[in-house]
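Presented below is the structure to which this report refers.
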Protein chains: 4
Amino acid sequence: MKKVKDKKQLIIEAAMKIFCRDGFHKATVSEIAAKAGVGKGTIYEYFDSKKQLFIEMMKYYANLYYENLIAAIEKEKTIMDKLKRYILIEEEIMTKHGDLAQIFMREAYNIGLEVHKIMKNNRIKQIQFFADLIQAGIDEGIFRNVNPYTAALAFMGSVHHIQVSKIFIKDSYSEEINIENLHDLLLNGIKK
Amino acid sequence: MKKVKDKKQLIIEAAMKIFCRDGFHKATVSEIAAKAGVGKGTIYEYFDSKKQLFIEMMKYYANLYYENLIAAIEKEKTIMDKLKRYILIEEEIMTKHGDLAQIFMREAYNIGLEVHKIMKNNRIKQIQFFADLIQAGIDEGIFRNVNPYTAALAFMGSVHHIQVSKIFIKDSYSEEINIENLHDLLLNGIKK
Amino acid sequence: MKKVKDKKQLIIEAAMKIFCRDGFHKATVSEIAAKAGVGKGTIYEYFDSKKQLFIEMMKYYANLYYENLIAAIEKEKTIMDKLKRYILIEEEIMTKHGDLAQIFMREAYNIGLEVHKIMKNNRIKQIQFFADLIQAGIDEGIFRNVNPYTAALAFMGSVHHIQVSKIFIKDSYSEEINIENLHDLLLNGIKK
Amino acid sequence: MKKVKDKKQLIIEAAMKIFCRDGFHKATVSEIAAKAGVGKGTIYEYFDSKKQLFIEMMKYYANLYYENLIAAIEKEKTIMDKLKRYILIEEEIMTKHGDLAQIFMREAYNIGLEVHKIMKNNRIKQIQFFADLIQAGIDEGIFRNVNPYTAALAFMGSVHHIQVSKIFIKDSYSEEINIENLHDLLLNGIKK
DNA sequence: GATGAATGAGACTTCATTCAT
DNA sequence: TATGAATGAAGTCTCATTCAT
């Protein structure tokens with residue numbers, strides 16, 4: 001019984017790597033099977049189709065991400081620490097799983113309605129969670145009276161973008177770009 | 001000679017629409033031809049392959065985008081106006097051509113080295129341009145002494161992320177999220 | 001325009017041979033293509049699927065059969081001659097296309113509703129046509145007052161069965177079994 | 001030892017149902033196993049392959065059929081009663097096991113030489129048995145001097161065809177078609 | 001130059017068969 | 001003995017690309 005779960009897990013992890021590298025349509029079931037170290041037919045013992053494998057892979061990582069996020073943030077005491085932690089986790093996730101985030105975004109429109117729904121719900125949950133944090137900060141009087149959703153998206157977008165750029169550009173001035181700078185910038189603004 | 005260019009242009013525009021909707025691998029040459037109103041074989045009169053068509057399509061829109069950006073910004077006089085114009089153009093582009101930006105990002109890794117290079121150069125040019133603007137603002141004393149690259153990426157990422165979220169989430173609280181709020185936030189920060 | 005029809009026809013004829021020899025499920029599209037002298041993909045230019053090819057093949061031969069049958073019978077003047085002609089044609093068809101009749105029967109249940117309907121309609125048309133002939137003979141007073149449908153089926157079944165047996169058994173006493181004997185038997189009965 | 005036979009028997013009976021419904025190639029070993037209430041692997045404990053299972057299933061039912069036929073007919077005293085009994089049994093078998101007869105016919109050509117031989121021998125035995133009955137009737141002076149093989153095949157074919165038509169057409173005039181009519185027709189002919 | 005019928009490589013998926021338990 | 005998870009050969013179908021017209 002444990003073994004069955006292990007093999008399904010194995011396939012999901014292999015699928016994640018291949019889907020991230022190639023996207024849904026370029027990825028082949030053959031290669032996922034090879035990466036998982038199982039036969040091609042075995043994939044179909046655990047998943048109805050390539051599409052279904054993609055969906056279950058997405059669900060798995062979406063949940064994993066959200067659970068970890070909540071767990072880490074709830075350890076922090078103050079709003080400011082929670083906020084910083086959120087940004088740090090976003091950064092960490094983007095570093096480790098930026099490709100996953102990318103493919104979630106990109107394929108969300110194309111694979112089908114179910115994928116789109118998962119993505120949308122996941123995204124809304126995140127934004128809401130972050131917006132709630134900011135709203136709490138506003139209520140406590142440590143933040144200006146900004147729109148919490150705009151702020152949430154700005155924060156998330158900045159972190160995301162910086163990370164993607166670092167991965168993408170690699171050999172350039174990406175060294176000097178770091179999250180410490182970003183924290184300062186987002187908290188204090190650019191204007192003198 | 002003029003006619004030839006017209007037909008090539010026609011195919012590139014059709015290709016853009018189909019590639020944006022379906023991604024590189026799901027898109028079919030047949031449908032691009034149909035959209036362009038030409039025969040399937042005609043595509044191959046103007047482009048060596050589907051991949052080459054994608055590359056040329058990308059080059060075309062990357063240039064178009066950059067030229068328009070520069071032209072619009074250079075019309076503005078002050079640093080602050082240039083910066084605002086930049087943000088507005090980014091927003092406009094994301095609104096009109098967000099799907100194009102998405103596909104550029106997503107497929108950049110997969111299609112081949114040439115695509116990746118185009119993307120990277122384009123991105124670096126943009127970041128550099130924006131960072132230069134910010135640096136000029138710092139030099140003029142209107143901005144704090146932030147890292148210009150971090151700031152550039154944060155601005156670009158925020159705009160991008162908000163736009164994507166608006167498209168993606170649609171029916172939610174996206175109404176209250178707007179660029180005016182974002183301007184204020186990025187310029188003045190969140191802290192009281 | 002003529003050529004297109006020729007190639008579709010070519011595929012239908014090849015499909016008939018392979019389907020007859022192997023049955024629907026054992027038959028492969030590859031081999032049908034090879035038999036027709038076209039590429040595998042060409043099959044799909046003319047038919048949506050293997051199943052659709054089977055259906056269209058069936059429709060084609062069902063019509064061909066029925067048209068020829070009617071045409072030949074209408075040339076005859078008297079009821080008795082029409083009846084004999086019918087039996088002779090049935091025999092001829094079973095000789096030439098017995099395998100086709102077999103596959104029609106066998107696969108009719110399995111391929112899908114559409115196939116079943118075609119088969120059923122075709123069968124009803126035939127039975128009705130034959131029963132009408134017999135009824136006309138009864139009305140003219142040359143036949144006893146038998147049930148025309150029973151008689152039609154008995155005649156058709158006898159001819160069919162004899163032919164199948166001849167094909168099937170081949171090397172046995174099939175020489176002495178012939179249609180002349182059958183005519184006599186069916187017209188005059190077995191009892192002294 | 002008894003148990004082993006029981007399980008083998010169980011599989012044969014399940015196989016018959018599935019093969020009859022789907023034909024050899026469409027039928028799956030999985031479903032046969034499920035129907036028999038055994039594991040998939042168990043099938044291979046008793047049969048070398050799917051093909052071998054089909055062959056053994058055929059042999060079993062061919063023998064069963066023939067034994068029952070002989071036993072029933074030998075109970076009758078007169079030629080005429082034996083003949084009638086034969087027709088009634090054929091009818092009964094076609095009613096109960098028409099699908100089996102169908103698949104025997106259809107797949108006989110395709111599965112392999114061994115199947116073909118079984119079928120052929122079985123058929124020859126039946127025809128011969130029936131022809132012998134008719135010949136005996138001729139010798140006794142109750143039948144005209146018809147060709148006994150032709151008559152045998154005509155009788156068998158008529159019964160078969162009527163039965164198949166009843167199953168196939170169902171909702172039509174099949175009510176008025178019955179074996180009593182057929183008896184009369186075959187014995188007395190159609191001519192006045 | 002323009003076309004689209006023809007092609008076949010390669011994708012997803014099924015299922016008979018094996019074998020470790 | 002009985003099982004069913006695992007497998008990979010083989011099938012259907014798609015689609016980028018070619019080439020005769």
Side-chain angles (χ1 to χ4, degrees), chain A residues 1 3-4 6-8 11 24-34 36-53, chain B residues 3-4 7-8 11 24-34 36-54, chain C residues 1 3-4 6-8 11 25-34 36-53, chain D residues 3-4 7 11 24-34 36-54:
Chain A
M1 215 193 304
K3 254 200 170 165
V4 167
D6 282 355
K7 189 156 285 189
K8 193 170 183 178
I11 293 168
F24 180 77
H25 285 98
K26 195 187 174 192
T28 70
V29 174
S30 273
E31 204 177 353
I32 291 170
V38 301
K40 222 186 318 180
T42 307
I43 303 274
Y44 290 89
E45 291 285 322
Y46 294 94
F47 304 93
D48 284 346
S49 65
K50 184 187 178 188
K51 187 170 163 181
Q52 201 57 38
L53 170 57
Chain B
K3 248 196 174 172
V4 167
K7 193 162 278 193
K8 193 170 182 177
I11 293 168
F24 181 75
H25 284 95
K26 198 185 172 195
T28 70
V29 175
S30 268
E31 204 176 353
I32 291 169
V38 300
K40 224 187 315 182
T42 308
I43 302 270
Y44 290 87
E45 293 288 324
Y46 295 94
F47 304 93
D48 285 346
S49 65
K50 184 187 178 187
K51 187 170 162 180
Q52 202 56 40
L53 168 57
F54 185 80
Chain C
M1 214 193 302
K3 254 201 169 164
V4 166
D6 281 357
K7 190 156 284 191
K8 194 170 183 180
I11 293 169
H25 285 97
K26 196 186 174 194
T28 69
V29 174
S30 274
E31 204 177 352
I32 291 169
V38 302
K40 221 186 321 180
T42 307
I43 302 275
Y44 290 90
E45 291 285 322
Y46 293 94
F47 304 93
D48 285 346
S49 65
K50 184 187 176 186
K51 187 170 163 180
Q52 203 57 39
L53 169 56
Chain D
K3 249 197 171 169
V4 167
K7 192 161 278 192
I11 294 168
F24 180 77
H25 283 95
K26 197 186 173 194
T28 70
V29 174
S30 267
E31 204 178 352
I32 291 169
V38 301
K40 223 186 315 180
T42 308
I43 302 270
Y44 289 86
E45 293 288 324
Y46 295 94
F47 304 93
D48 286 347
S49 66
K50 185 188 179 187
K51 187 170 161 180
Q52 202 57 40
L53 169 57
F54 185 80

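This structure is a prediction, so every number in the text was calculated from the model and none was measured. Atoms considered below: every heavy atom in the structure, side chains included; atoms not considered: hydrogens, waters and symmetry mates. Proteins get letters first, then strands, A, B, ... in listed order; numbering begins at 1 in each.
- Among the nucleotides E:dT13, F:dT14, F:dT3, the one closest to any side-chain atom of A:V29 is E:dT13.
- Between the CZ atom of B:F54 and the C1' atom of F:dA16 there is a distance of 16 Å, rounded to whole Å.
- One interatomic measurement links the two molecules: CD of C:E45 to C1' of E:dG4, which rounds to 9 Å at whole-angstrom precision.
- In this structure, the separation between CD1 on C:I43 and CD1 on C:I11 is 4.5 Å, given to the nearest 0.5 Å.
- Taking for each of D:S30 and B:G39 the nucleotide of DNA chain E with the nearest heavy atom, the 5'-most of the two is the partner of B:G39.
- A distance of 12.0 Å separates CD1 in B:I32 from NZ in B:K40, rounded to the nearest 0.5 Å.
- Checking F:dT17, E:dT13, F:dT3 against every side-chain atom of B:Y44, the shortest atom distance belongs to F:dT17.
- Of the residues near DNA chain F, A:K40 and C:K51, the one whose nearest nucleotide (by heavy atom distance) lies more toward the 5' end is A:K40.
- Place A:G37 and D:G41 on DNA chain F by their nearest nucleotides, and D:G41 ends up nearer the 5' end.
- If you take OG1 on B:T42 and NZ on B:K8, they are separated by 14.0 Å, rounding to the nearest 0.5 Å.
- The closest donor-acceptor contact from the side chain of B:K26 to the backbone of A:F24 lies at 3.5 Å or more, if one exists at all.
- Phosphate contact (OP1/OP2 of E:dT3, side-chain N/O of B:T42, threshold under 4.0 Å): present.
- With rounding to whole Å, B:I43 atom CD1 is found 15 Å from E:dG1 atom P.
- Nucleotide F:dA6 holds its C1' atom 16 Å from the CG atom of A:D6, rounded to whole Å.
- The base of F:dG11 is not paired with the side chain of C:K26 by any donor and acceptor separated by under 3.5 Å.
- Between A:E31 atom CD and E:dC12 atom P the separation is 10 Å, expressed in whole Å.
- Atom P of nucleotide F:dC13 and atom NZ of A:K50 are separated by 18 Å, given to the nearest angstrom.
- If you check every strand for non-hydrogen atoms under 4.0 Å, D:A27 touches sugar and phosphate atoms only.
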Tell me, what's DNA chain E's dot-bracket, Watson-Crick or G-U with both distances under 3.5 Å, | for other-strand, [ ] crossing?
-> .||||||||||||||||||||
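- Here F:dA5 is the nucleotide among F:dA5, E:dC12, F:dT12 with the atom lying nearest to any side-chain atom of A:Y46.
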